[in-house]
Amino acid sequence: MKVPFLDLGTAHQEVREEMEEALSRVLKSGWYILGKEVEAFEEEFAAYCGTKYCVGVANGLDALHLILRAYGLASGDEVIVPSNTYIATWLAVSHAGARPVPVEPDARTFNIDPARIEEAVSPRTKAIIPVHLYGQPADMDPILALAEKRGLRVIEDSAQAHGATYNGRRTGGLGHAAGFSFYPGKNLGALGDGGAVTTNDGELADKVRVLRNYGSRVKYYNEVRGFNSRLDEMQAALLRVKLRRLDDWNERRREIASIYIGEMSGSPELVLPVTPAWADPVWHLFVVRHFRRDHLQNRLAEQGIGTLIHYPVPPHLSEAYGDMWCDTGPLPIAEAMSSSVLSLPMGPHMGFDQARVVSAAVRRECEELAVDRRLSI
Ligand SMILES: *Cc1c(COP(=O)(O)O)cnc(C)c1O
């Protein structure tokens, strides 16, 4: 049985008629940028996240970048970011003119370790961006307490965690503001790029609204040097259809995750994801760790099982940040993650039988690798 890493086509088949109806509604409307669909989606997504405001933007990177711009970050400012995130978190900080300051994760949860943040705070620190990596909420309470004490903003990178909860509260409304991505492969994905900012801060929402549209409130009257970063009507109409399915689809991801955990626990030398009591993750990715990851990945590929690596190069070792390495020095946890993490197939349209096939294959390979290791000693 072949198991693809993610099958978006099947997901869209389930809502095909509603999506086609949404597309033809937009087509017929004759209005394609900043109209009724975006307004309706913003209202619906704010309600979903439990926030007062939502502002649609062009993508997740812009969502984070525009939040930082709206807060008025300037060159020389510092923003704390996880060392093991997708590079977009760092890029948003760099594009706002500030400097990303990496903090290592808790190796069990993959999320930024609150206990390590304070030593990274300097007089120039303005904000912390916890990432809810792989769909699991970061430990927000200690981060918010520290931010309060030091007068910092907390901006959630929620690009992988639509619908995840922390102590029963949805991500997107846990900090001062949050950035979401609707890249097609995300838990809530468009048929192209899209993103949103959620917040309870009316002034921030207003600033982001102006920044996303050339710095203007009234067409051709520009208050600030803004950007062109808008969620378009077509994507908003499609997202409204898929938002209605999000909870069901996240629930199916949870069922796949529980099969994986049940059937793979005890596999020799395999590290399974750990879910703390406060977290109800949405399993954007199901990430295991193994010290012979590349070998495991190849063996699974030979059996038709698709896997990916999130992420093979931590940002500080990427060419893009080559000039910064001497500042950050080695980040051993992020580096160990990048050489050991493996994302198994995951998605709302994966069959339970497929999850069992993947689990059995992983377990078998881990057992064989453990035997090889004992024989080689
Ligand atoms: C996807 C992603 C982003 C960026 O979103 P885009 O819409 O691709 O720009 C930012 N942060 C994280 C953690 C992501 O996974």
Side-chain angles (χ1 to χ4, degrees), residues 5-6 8 41 45 54-69 79-96 100 102-103 105 109-112 127-138 140 154-164 171-172 174-175 177-198 208 211-212 227-232 235-236 238-239 242 250 253 273 281-287 308-316 318 320-321 334 337-338 341 343 346-347:
F5 178 72
L6 173 67
L8 283 174
F41 174 72
F45 196 60
C54 168
V55 184
V57 295
N59 54 64
L61 170 59
D62 283 5
L64 296 169
H65 172 216
L66 295 188
I67 293 168
L68 294 166
R69 288 265 176 178
V79 177
I80 289 173
V81 294
S83 58
N84 64 322
T85 181
Y86 179 53
I87 198 166
T89 320
W90 287 44
L91 291 175
V93 175
S94 301
H95 293 335
V103 166
T109 63
F110 299 111
N111 277 323
I112 193 165
I128 306 169
I129 311 186
V131 178
H132 307 306
L133 200 67
Y134 309 148
Q136 167 147 289
M140 294 297 287
V154 177
I155 301 155
E156 297 168 77
D157 181 339
S158 229
Q160 304 189 353
H162 320 66
T171 64
L174 301 170
F180 282 92
S181 163
F182 305 123
Y183 177 79
K186 303 290 161 98
N187 289 42
L188 178 61
L191 294 190
D193 281 308
V197 171
T198 55
V208 172
L211 282 174
R212 77 171 167 183
F227 301 86
N228 174 0
S229 179
R230 302 171 298 213
L231 179 66
D232 63 67
Q235 301 303 345
L238 294 167
L239 288 167
K242 292 180 72 179
N250 280 342
R253 287 175 184 268
V282 289
W283 303 103
H284 172 59
L285 297 169
F286 189 95
V287 178
L308 290 174
I309 295 165
H310 299 92
Y311 298 91
V313 183
H316 72 288
S318 69
Y321 283 100
M337 298 261 174
S338 67
V341 291
S343 306
M346 173 53 83

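Start at 1 and go down the list; that is how both ligands and their atoms are numbered.
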Legend entry - Donor-acceptor under 3.5 Å (Asn84 side chain, Phe110 main chain): yes
Inset, instruction - Specify side chain, backbone, both or neither for Val131, according to which of its non-hydrogen atoms lie closer than 4.0 Å to ligand 1. - result: side chain
Legend entry - Sub-4.0 Å atoms of ligand 1 with respect to non-hydrogen atoms of Ala88: 3 (C), 4 (C), 10 (C)
Inset, instruction - For atom 11 (N) of ligand 1, grab the closest protein heavy atom and report residue, atom and distance to one decimal in Å. - result: Asp157 OD2, 2.8 Å
Inset, instruction - Using non-hydrogen atoms of the residue, decide whether His132 is closer than 4.0 angstrom to ligand 1. - result: no
Inset, instruction - Would you mind finding which of Gly60, Gly195, Ala190 brings a heavy atom closest to atom 6 (P) of ligand 1? - result: Gly60
Inset, instruction - Quick one: look at Leu61 and ligand 1, take heavy-atom pairs under 4.0 Å, and tell me if it's side chain, backbone, both or neither. - result: both
Inset, instruction - Output the list of atoms in ligand 1 that are nearer than 4.0 Å to some heavy atom of Tyr86, sorted by atom number. - result: 2 (C), 3 (C), 14 (C)
Mind listing the side-chain donor-acceptor pairs of residues 182-191 below 3.5 Å, one per line with the distance, residues two or more places apart or on another chain?
from: Asn187; atom 1: OD1; to: His284; atom 2: ND1; distance (Å): 2.9
from: Asn187; atom 1: ND2; to: Asn250; atom 2: OD1; distance (Å): 3.0
from: Asn187; atom 1: ND2; to: Val282; atom 2: O; distance (Å): 3.0

Inset, instruction - Quick one: look up the protein heavy atom nearest atom 8 (O) of ligand 1 and list residue, atom name and how far away it is. - result: Ser181 OG, 4.0 Å
Inset, instruction - If you have a sec, work out which protein heavy atom is nearest atom 15 (O) of ligand 1 and how many Å separate them, to one decimal? - result: Gln160 NE2, 2.7 Å
Inset, instruction - Ignoring hydrogens and angles, tell me if any N or O in the side chain of Thr171 forms a donor-acceptor pair with the backbone of Ala161 under 3.5 Å. - result: yes
Legend entry - Short side-chain to backbone donor-acceptor contact, Ser229 and Ala58, under 3.5 Å: yes
Inset, instruction - Distance to 0.1 Å, residue and atom name: give those for the protein heavy atom nearest to atom 1 (C) of ligand 1. - result: Lys186 NZ, 1.5 Å
Legend entry - Main-chain N/O of Ser83 paired with Trp90 side-chain donor or acceptor, under 3.5 Å: no
Inset, instruction - Determine yes or no for a side-chain-to-main-chain donor-acceptor pair under 3.5 angstrom, with Glu156 supplying the side chain and Gly172 the backbone. - result: yes
Legend entry - Results of side-chain contact (heavy atoms from CB on, under 4.5 Å) for Ala63 - residues two or more places apart only: Val57, Val197
Legend entry - Residues His310, Ser343; criterion side chain to side chain donor-acceptor pair (under 3.5 Å); working and verdict: CA-CA 7 Å; His310 299 92; Ser343 306; 2.7 Å; yes
Inset, instruction - Mark up the atoms of ligand 1 that fall under 4.0 Å of a heavy atom belonging to Asn59, in ascending order. - result: 7 (O), 9 (O)
